[in-house]
Amino acid sequence: MLFPYIISEQNLDENINRVFGDATSWFVDAILAEIPITESVGIPWVVVVLLLGAGYFTMYFKFINVRSFYTAIQVVRGKYDGVENFDQEDSNKLSAESTSVEEKNTNDNVNGEVSHFQALTTAVSATVGLGNIAGVAIALSIGGAGATLWMIIIGVLGMSSKFVECTLGVKYREVDSEGKVYGGPMYYLTKGLGEKGYAKLGKVLSVLFAIMCIGGSFGGGNMFQVNQAFKLFDHVIISNNSMLHGQGWVFGVIMAILVGVVIIGGIKKIASVTDKIVPFMVLIYIAAVLIVLVLYSSAIPAAFSAIWEGAFHPEGVMGGFVGVLVQGFRRGAFSNEAGVGSASIAHSAVKTRFPASEGLVALLEPFIDTVVVCTMTALVLIITGQVDTSAKIDFEQGVLLTASALESGVSWFPYLLTIAVLLFAFSSMISWSYYGYQAWSYLFGRSKRTEYVYKFIFCCFTVIGAAATLNAVTDFSDAMIFAMMVPNMIGLFLLSSKVKDELKRYKKSIAGRKG
């Protein structure tokens with residue numbers, strides 16, 4: 001009985017808050033420091049940077065998020081797989097035209113561990129989660145129905161940022177002698193900025209990113225996910241009289257075992273799981289939402305009207321309008337992680353010799369995550385009357401609000417939502433374990449020992465996360481995820497011309513081999 005006592009919620013909260021409390025407060029305040037717009041409303045500076053960056057890349061690449069949307073779908077479907085099958089003459093010609101060693105390696109490199117579809121589902125599994133369910137409820141409770149429009153806008157703009165970072169992730173990835181792929185911001189910051197003559201800057205930025213990524217994987221990508229999944233599971237499934245009620249450590253141990261079984265197998269095993277879980281969990285959730293929307297179909301026009309009017313003509317003073325933008329943009333950015341750089345780690349493992357091909361696949365991710373899933377959640381909350389701007393809610397209450405919205409359609413839908421949340425949490429955890437391990441291996445080496453040390457620590461944090469509320473630690477880790485944006489966005493701006501060259505090369509190859 002000693003183990004349950006040690007990791008009991010009360011003991012964990014007291015000890016962890018004591019250790020992390022001051023550091024958490026300082027770090028979160030620094031990262032989410034607000035740029036004042038009015039006396040009462042401010043915009044977190046990280047949201048401003050993400051928004052400006054996404055807008056810049058959308059303009060720089062001439063609205064690639066819209067123009068290349070259909071092409072991206074075709075790449076996922078495998079229509080252009082034929083361009084990967086170069087003969088030796090084509091390969092030699094491309095290598096001769098390359099201007100650097102890195103470009104030659106990229107042109108000749110057909111290595112990879114997963115397909116375009118598997119890379120997409122792995123990345124989507126890390127972003128489609130509680131942010132799409134509880135996070136949307138929070139955004140609407142503060143910004144009203146109008147926040148939905150701004151979530152859609154940031155999702156569309158974020159498609160461009162995702163294209164840039166995932167193209168770079170493939171371009172500057174490394175493949176070891178066993179065929180394992182190592183990629184992400186750590187590598188394109190080091191190698192890409194080194195090409196630009198900023199080797200020292202690239203090294204510093206890559207180390208900073210790796211440290212933040214590890215912290216984010218333990219917290220926001222693990223403890224937070226399992227904690228909130230247990231809270232809903234405990235609320236909906238477990239009876240108050242059950243001996244398992246409130247015993248988060250039991251739930252954590254089970255999840256840790258399931259996560260451990262998957263992540264030991266590496267990206268191939270993770271991808272083989274996510275390419276089955278992601279379509280299934282998204283379909284489950286969307287099916288439940290669609291049924292509610294059909295049942296309340298007569299209220300849908302009024303919901304869209306409320307979204308439009310709420311975005312541009314909110315009640316109250318100008319501060320209310322800015323509040324709508326802030327909550328909509330902030331929730332949208334957190335939901336799809338575009339510009340943060342994490343997804344480029346998963347996309348780097350794709351089997352391709354054209355980095356831009358995976359960049360195009362990646363731009364579908366914010367569309368699925370934010371434009372589709374978040375919007376549908378918002379509509380259900382609006383038409384079922386769950387939006388109350390007079391009450392501030394937290395993530396746990398946000399999940400329960402969404403459950404109540406679904407229950408208004410069919411009484412047993414909260415059980416369906418619980419299954420979806422469990423799958424969301426599980427898929428997010430296994431994907432973030434891969435992100436964290438990639439950063440870990442960059443800092444500490446690629447030996448089996450370092451790999452198993454990280455994965456063991458990750459599973460331990462799963463148990464801890466389920467057993468406690470951990471507000472201080474999760475706030476800290478979420479701030480670390482936002483902080484990943486700083487070194488990443490610097491690299492994206494400086495290396496955007498490289499991405500444009502890769503896009504031209506891929507489009508030229510497609511044009512030359514159609515039919």
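Small disclaimer: the values here were computed from a predicted structure and weren't measured.
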- [ ] Tell me, with the steps shown, if Thr384 and Tyr296 meet side-chain contact (heavy atoms from CB on, under 4.5 Å).
- [x] CA-CA 8 Å; Thr384 56; Tyr296 288 85; 4.2 Å; yes
Open item on the list: With side-chain contact (heavy atoms from CB on, under 4.5 Å) as the criterion, how do Ser217 and Met429 come out once you've worked through the C-alpha distance, each side chain's angles and the decisive distance to 0.1 Å?
Closed with: CA-CA 8 Å; Ser217 73; Met429 290 162 66; over 6 Å; no
Open item on the list: Run Gln225 and Trp432 through side-chain contact (heavy atoms from CB on, under 4.5 Å) and show every step you take.
Closed with: CA-CA 10 Å; Gln225 299 291 333; Trp432 266 98; 6.0 Å; no
- [ ] Assess whether side-chain contact (heavy atoms from CB on, under 4.5 Å) is satisfied between Val226 and Val259, documenting all intermediate values.
- [x] CA-CA 11 Å; Val226 70; Val259 168; over 6 Å; no
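A pairwise comparison of heavy atoms in Gly221 and Phe458 identifies O-CZ, 4.3 Å as the closest pair. In terms of heavy-atom proximity, Gly184 sits nearest to Ser344 at CA-OG, 3.6 Å. Taking both residues in full, the closest heavy atoms of Val181 and Gln438 are given as O-NE2, 3.2 Å, listed atom of the first, atom of the second, then distance. When all heavy atoms of Ser68 and Lys507 are compared, the closest pair comes out as OG-NZ, 3.5 Å. Residues Gly436 and Ile214 approach most closely at O-CG1, 3.8 Å, considering heavy atoms. Closest approach of Ala405 and Leu381 over heavy atoms only: CB-CD2, 4.2 Å.
Between Ile345 and Pro185, the closest side-chain pair of non-hydrogen atoms falls below 4.5 Å. Side chains of Thr167 and Glu358 form no contact here, defined as non-hydrogen atoms less than 4.5 Å apart. Looking only at side-chain heavy atoms (C-beta outward), Val499 and Leu495 stay at 4.5 Å or farther from each other. Phe209 has its side chain out of reach of Val486: every pair of non-hydrogen atoms, C-beta onward, lies at least 4.5 Å apart. The side-chain heavy atoms of Glu365 and His347, taken from C-beta on, include a pair separated by under 4.5 Å. Side chains of Val170 and Phe354 form no contact here, defined as non-hydrogen atoms less than 4.5 Å apart. Annotation: side chain of Met484 is in contact with side chain of Ser342 (closest heavy-atom distance under 4.5 Å). Within the 4.5 Å cutoff, the side chain of Leu189 has no heavy atoms near those of the Asn488 side chain.
Put simply, CD1 on Ile73 and CG on Leu363 are 9.5 Å apart, with the number rounded to the nearest 0.5 Å. Atom-to-atom distance recorded for Ile152:CD1 and Trp150:CH2 is 11.0 Å, nearest 0.5 angstrom. In this structure, Phe367 CZ and Lys162 NZ are separated by 15.0 Å, a value rounded to the nearest 0.5 Å. The CE atom of Met59 lies 10.5 Å from the CG atom of Leu157; values are rounded to the nearest 0.5 Å. Between atom CG of residue Leu293 and atom CE of residue Met376 there is a gap of 5.5 Å, rounded to the nearest 0.5 Å. Note that the CG atom of Leu168 and the CG atom of Leu492 stand 6.5 Å from one another [nearest 0.5 Å].
A donor-acceptor distance shorter than 3.5 angstrom exists from the side chain of Ser348 to the backbone of Gly169, with no hydrogens or angles considered. Counting only distance, with no hydrogens or angles, the side chain of Asn65 and the backbone of Val156 share a donor-acceptor pair below 3.5 Å. The main-chain N or O of Lys500 is never found under 3.5 Å from a side-chain atom of Arg505 such that the two would form a donor-acceptor pair. Judged purely by atom type and a 3.5 angstrom limit, Arg173 has no side-chain atom pairing as donor or acceptor with the backbone of Tyr182. Within the 3.5 Å criterion, the main-chain N or O of Ala425 finds no donor-acceptor partner in the side chain of Ser428.
Qualifying ring pair (Phe, Tyr, Trp, His ring centres under 6.0 Å) partners for Tyr442, counting only residues two or more places apart in sequence or in other chains: Tyr187. Tyr188 is linked by a ring pair (Phe, Tyr, Trp, His ring centres under 6.0 Å) to nothing, counting only residues two or more places apart in sequence or in another chain.
Within the structure, every pair that satisfies the side chain to side chain donor-acceptor pair (under 3.5 Å) test and touches residues 51-60, not counting sequence neighbours, is listed here: Thr58-Ser160.
Glu502 and Tyr506 share no side-chain donor-acceptor pair at under 3.5 Å.
The ring of Phe163 has its center no closer than 6.0 angstrom to the ring center of Phe57.
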